[in-house]
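Worth knowing before you read on, the calculation uses all heavy atoms, side chains too, and leaves out hydrogens, waters and symmetry mates. Chain letters run A, B, ... following the sequence lines, proteins first and then strands; every chain starts at 1.
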Amino acid sequence: MSIYDTLNEQQKKAVFTTTGPVLILAGAGSGKTRALTHRVAYLIEEEGVSPTNILAITFTNKAAGEMKERVNQLVGFGSEQIWVSTFHSTCVRILRRYIDRLGFDNNFTIYDTDDQKGIIKEVCKKLEIDTKMLKERTIMSAISSAKDELISPTEYEMQALGDYNAGRIAKAYKEYQATLRKNNALDFDDLIFKTVELFKANPDVLESYQNRFRYIMVDEYQDTNTSQFELIRLLADKYRNLCVVGDDDQSIYKFRGANIRNILDFEKVYTEACVIKLEQNYRSTQNVLDAANAVIQNNVARKNKALWTDKKDGSLLHFHQFDTAYDEAEYIADNVREKKREDIADYGECAVLYRTNAQSRMLEERFIMKGIPYQVVGGVNFYSRKEIKDILAYLKTIDNGRDDVAVKRIINVPKRGIGATTILRVQEYANERNISFYDALREADQIMTIGKSAVKLKPFVTMIQAFRSKLEFFNLEDLIKDILETTGYVRELENSDTEDAEDRIENIDELLSKAVAYEKAHEEANLSEFLEEVALVADIDQVEGDNNKVLLMTLHSAKGLEFSHVYLAGMEDGVFPSYMTIVSDNPEDVEEERRLAYVGITRAKDDLTITCARQRMIRGETQYNPVSRFVKEIPPLLLDHKLPEPKYKSYEAHDDDFSGRNSFKAKPYEARQSGTIQTKTAQAGTVQFSEAGYRKTENVYKRQFGKDADTIFDKPKVSARPKAVLKPKRTAYEDQPYITRAAAQIKEQSQGAASSSGSSLGYGQGDRVKHLKYGEGTVMKIESGPRDYQVTVVFDEVGQKIMYAGFAKLKKV
DNA sequence: CGTACTAGTCTTTTT
DNA sequence: GACTAGTACG
């Protein structure tokens, strides 16, 4: 019995076909990681391929780690020698070695979105681009798209001829690249671009990597963009042992430049390619799978496949429409708690998925209220928080004095009385002499224009020099501590009475422990590599598998994961699919959203709950949204609750115009040009839909279910509710990077309460207490729960509430 | 130079 | 609603 016996026929074919180009079309849950890991094992064990000759590219560091681990289990040795990493990390490793050939310093820094924006701003100022007319954002995304397509500034300029705005972007692009070069920095897109450039300009370097990576595998191939494809094409060009794995139905990163043609046209580029389809789904129940299939079928641009499963039907999909987002969140939290109580599911088996990060807030509040452990993935990245970026900027300055962005970030943090004017003068001086900002600082006393401010600059330079000289004998931890001590960064935070100072200090502590962990994991930890690792972490990388918490994340972050119990929240037209895509005149945009829905549905192994709200606050505006078209595409037979009956007819359909999907396909553009319809709801607020998108939904629905598919506009019952009691602020906390401050307090309290007899509450049964939002009330009961004291209070105004002492912050009156 | 307030924008998704 | 950039003022 060998390890390969457990594979199905198609998986075996994927594993045993080791030479030449291979395209594996792997449907959701079809065991593609299994196939990939076994393939690597097979290469090493049966074909005697050296692990060093294998390159596997994954999408996230987390996926890379998992792959390594699984190969290790199969082979038992050598897996640490396989090069498994993301596109970006792969490129950094190559560039660290060879980028000097392109005129960069090998210790270049990597700019994140914030840094980029800063540069773009400078560029706009310099080129006198009016950012009201042409937004930084637009310029940035134009540059990013250009890089994804491997278009250089010069080429961009040529293409922009005759177009005023494009011409300005071209100028900005050119200037931006010049600045990056001057600062010895690369942005995310450059990492790929420059590697391709390096390979093209240096055939010897390319060949050495071609010889090294004789077997190349790429996971999540449907999400590669043009530059990534080119990179892979170059690397695989000599031996052509390229195996790509993907699912066109799960392509959800078009906004990031992903080119779905890469997978759809693979066979055209590699005519000798062997195509293998993995269609048996091992993950989900029949009902879940049926729903997913029904939804994705509405997409036109896809390779046909039919996922099937051996599994039982399973339970029906649950569907609930609520009046408000509050009710929705409340229900989900209750439902999770119930499943836990009845032993149906543990917390770690549940996940709540939503379209936008902003939707996590309401859910977090409810989860905290009910004491359910959870972890939010994403939102504001830990490493893009102000305080973290400040500390990192110190490290960057110490590491690479040419990084002007970093130097300018910290020159007056903490306050040293160095203002904008001084910085400007120094920059002018630097520009004249063509030296870096930092080098200009060193010559501060020679800059005539800044006068007496020069005195303030000197101590800064001396300090940085001192840090640099300590670099040799300090480890990372000591260095960071020294920075905090010398600059008084934490002291300043402690003295300021801003609300979030404490959070910030905690975040800094978290950074320190990350640095310590990094040093433990790496024998010869050095500053540059630490900074580089930090720059390339994804949110999902921080999720630990074994902490038994409900995971809250966007649908995008959920790709590649699976859970027994999945909640799809906010399933409303306007939220998901997003308003932007509904009104877009490109029908492909809604198709991408549909793929996202497909990803969401197929995350569920056993149980799927779909929820939505009639009323929802989005960006400070109350919106009334109908049930998502994607829900309507699920056969009603699979749902436990019927879709709501339409109450307001908002649009009269003309069946003659569109008798079915084919006729829609036949004349999409005329349809789309007929503008938008506005639908007034009973309450204030309007919702717009593109007519085409609207009609399409309608027709698909009719065709499948023979029902009137009118958009539903229920008049929401607006119940008077107390406003949210707390705003969860995300903060890093010990081993749990993204639990909220309030949850952290609960934890502290419960730990403290265990040792100190419990009188620490300061109030007891029968006492009158005051709550920040609920006002005054009487304590009825205090019970010690598993995490904290549960206090029951009857408030004078809002009635009885049961809450956790640690976070309710009740005061005796 | 630093602070406090105001106005405007934003988000759909991220390596 | 929340965050940020820009501005007016001390």
Side-chain angles (χ1 to χ4, degrees), chain A residues 57-64 85-92 110-114 116-118 121 131-132 135-137 141 144 147-148 186-192 220 223-225 227-228 251-258 325 353-362 377-381 383-384 386 412 414-423 452-453 456 496 498 500 532-533 535-541 553-559 570 574-584 589-590 592-593 595-597 599-600 616-623 723-724 727 729:
Chain A
I57 302 221
T58 58
F59 218 61
T60 61
N61 295 305
K62 186 169 181 263
S85 70
T86 63
F87 270 105
H88 295 269
S89 324
T90 301
C91 290
V92 171
I110 301 166
Y111 277 172
D112 66 14
T113 326
D114 263 18
Q116 286 181 56
K117 202 174 173 195
K121 267 193 155 164
T131 51
K132 284 209 173 81
K135 294 202 177 69
E136 286 111 336
R137 220 191 147 66
S141 67
S144 177
K147 287 180 179 176
D148 287 344
L186 301 182
D187 65 21
F188 281 128
D189 305 309
D190 277 341
L191 295 176
I192 318 281
E220 306 284 11
D223 287 324
T224 52
N225 62 34
S227 62
Q228 290 164 339
S251 164
I252 54 171
Y253 282 104
K254 193 175 154 216
F255 71 93
R256 201 167 70 188
L353 312 181
Y354 37 78
R355 180 66 237 272
T356 66
N357 280 308
Q359 286 167 259
S360 73
R361 281 235 154 81
M362 186 75 78
V377 179
V380 183
N381 189 305
Y383 292 103
S384 41
K386 263 194 211 83
N412 197 30
K415 304 249 146 42
R416 300 187 178 92
I418 302 166
T421 335
T422 312
I423 293 173
K452 52 187 188 293
S453 296
K456 295 175 184 163
S496 80
T498 26
D500 51 358
E532 158 188 321
E533 179 159 307
L536 297 176
V537 290
D539 292 318
I540 197 72
D541 295 341
M553 68 185 109
T554 62
L555 288 148
H556 281 88
S557 296
K559 198 173 68 156
V575 176
F576 185 34
S578 76
Y579 174 74
M580 306 270 270
T581 58
I582 293 176
V583 298
S584 158
D589 289 349
V590 172
E592 173 135 325
E593 296 273 300
R595 290 193 290 271
L596 196 52
V599 168
R616 182 183 298 275
M617 179 88 103
I618 296 169
R619 271 183 279 147
E621 197 183 10
T622 306
Q623 288 190 10
K723 270 203 132 184
K727 296 174 190 168
K729 251 183 260 156

So which one's nearest nucleotide on DNA chain B is more toward 5', A:Thr86 or A:Gly417?
->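 The 5'-side residue here is A:Gly417.
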
Return the 5'-most residue of the pair A:Phe255, A:Lys132 with respect to DNA chain B, ranking by each residue's nearest nucleotide.
->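 Upstream on the strand: A:Lys132.
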
Distance check, rounded to the nearest 0.5 Å: [X] atom [atom1] versus [Y] atom [atom2]?
{"X": "A:Asp112", "Y": "A:Phe188", "atom1": "CG", "atom2": "CZ", "answer": "6.5 Å"}
{"X": "A:Ser584", "Y": "A:Glu593", "atom1": "OG", "atom2": "CD", "answer": "10.0 Å"}
{"X": "A:Glu592", "Y": "A:Tyr253", "atom1": "CD", "atom2": "OH", "answer": "10.0 Å"}
{"X": "A:Thr554", "Y": "A:Lys559", "atom1": "OG1", "atom2": "NZ", "answer": "11.5 Å"}

Identify whether any heavy atom of [X] sits under 4.0 Å from a base atom; if not, whether one sits that close to sugar-phosphate; answer base, sugar-phosphate or nothing.
{"X": "A:Gly419", "result": "sugar-phosphate"}
{"X": "A:Asp589", "result": "nothing"}
{"X": "A:Lys254", "result": "nothing"}
{"X": "A:Lys117", "result": "nothing"}
{"X": "A:Ala358", "result": "nothing"}
{"X": "A:Glu592", "result": "nothing"}
{"X": "A:Lys559", "result": "nothing"}
{"X": "A:Thr60", "result": "nothing"}

Choose from [options] the nucleotide whose nearest atom is closest to any side-chain atom of [X].
{"X": "A:Tyr253", "options": "B:dT12, B:dT3, B:dT14", "answer": "B:dT14"}
{"X": "A:Thr554", "options": "B:dT11, B:dT14, C:dA2", "answer": "B:dT14"}
{"X": "A:Ser557", "options": "B:dT14, B:dT3, B:dT15", "answer": "B:dT14"}
{"X": "A:Lys135", "options": "C:dC3, B:dC10, B:dT14", "answer": "B:dC10"}
{"X": "A:Asn412", "options": "B:dT15, C:dG1, B:dG2", "answer": "B:dG2"}
{"X": "A:Lys386", "options": "B:dT12, C:dT4, B:dT11", "answer": "C:dT4"}
{"X": "A:Thr581", "options": "B:dT12, B:dT13, C:dT4", "answer": "B:dT12"}

Ion pair A:Lys254/A:Asp589, N-O distance below 4.0 Å |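 Result for this pair is yes, salt bridge flagged.
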
Looking at A:Phe255 versus A:His556, is the centre-to-centre ring distance below 6.0 Å?
->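 Ring centroids of A:Phe255 and A:His556 are less than 6.0 Å from each other.
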
Return no unless some side-chain N or O of A:Asn357 is found under 4.0 Å from OP1 or OP2 of B:dT12.
->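 Answer is no, no contact under 4.0 Å.
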
Below 4.0 angstrom from OP1 or OP2 of C:dG1, is there any side-chain N or O of A:Arg361?
->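 Result: no.
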
Tell whether A:Arg355 reaches the base of B:dT12 with its side chain through a donor-acceptor pair below 3.5 angstrom.
->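 Donor-acceptor pair under 3.5 Å: yes.
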
C1'-based separation of C:dA5 from B:dT12 [nearest Å] |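 Roughly 23 Å separates the two C1' atoms.
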
Do A:Phe59 and the base of B:dT15 stack face to face, with centres under 5.5 Å apart and an angle between planes under 30°?
->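 Check failed, A:Phe59 does not stack on base of B:dT15.
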
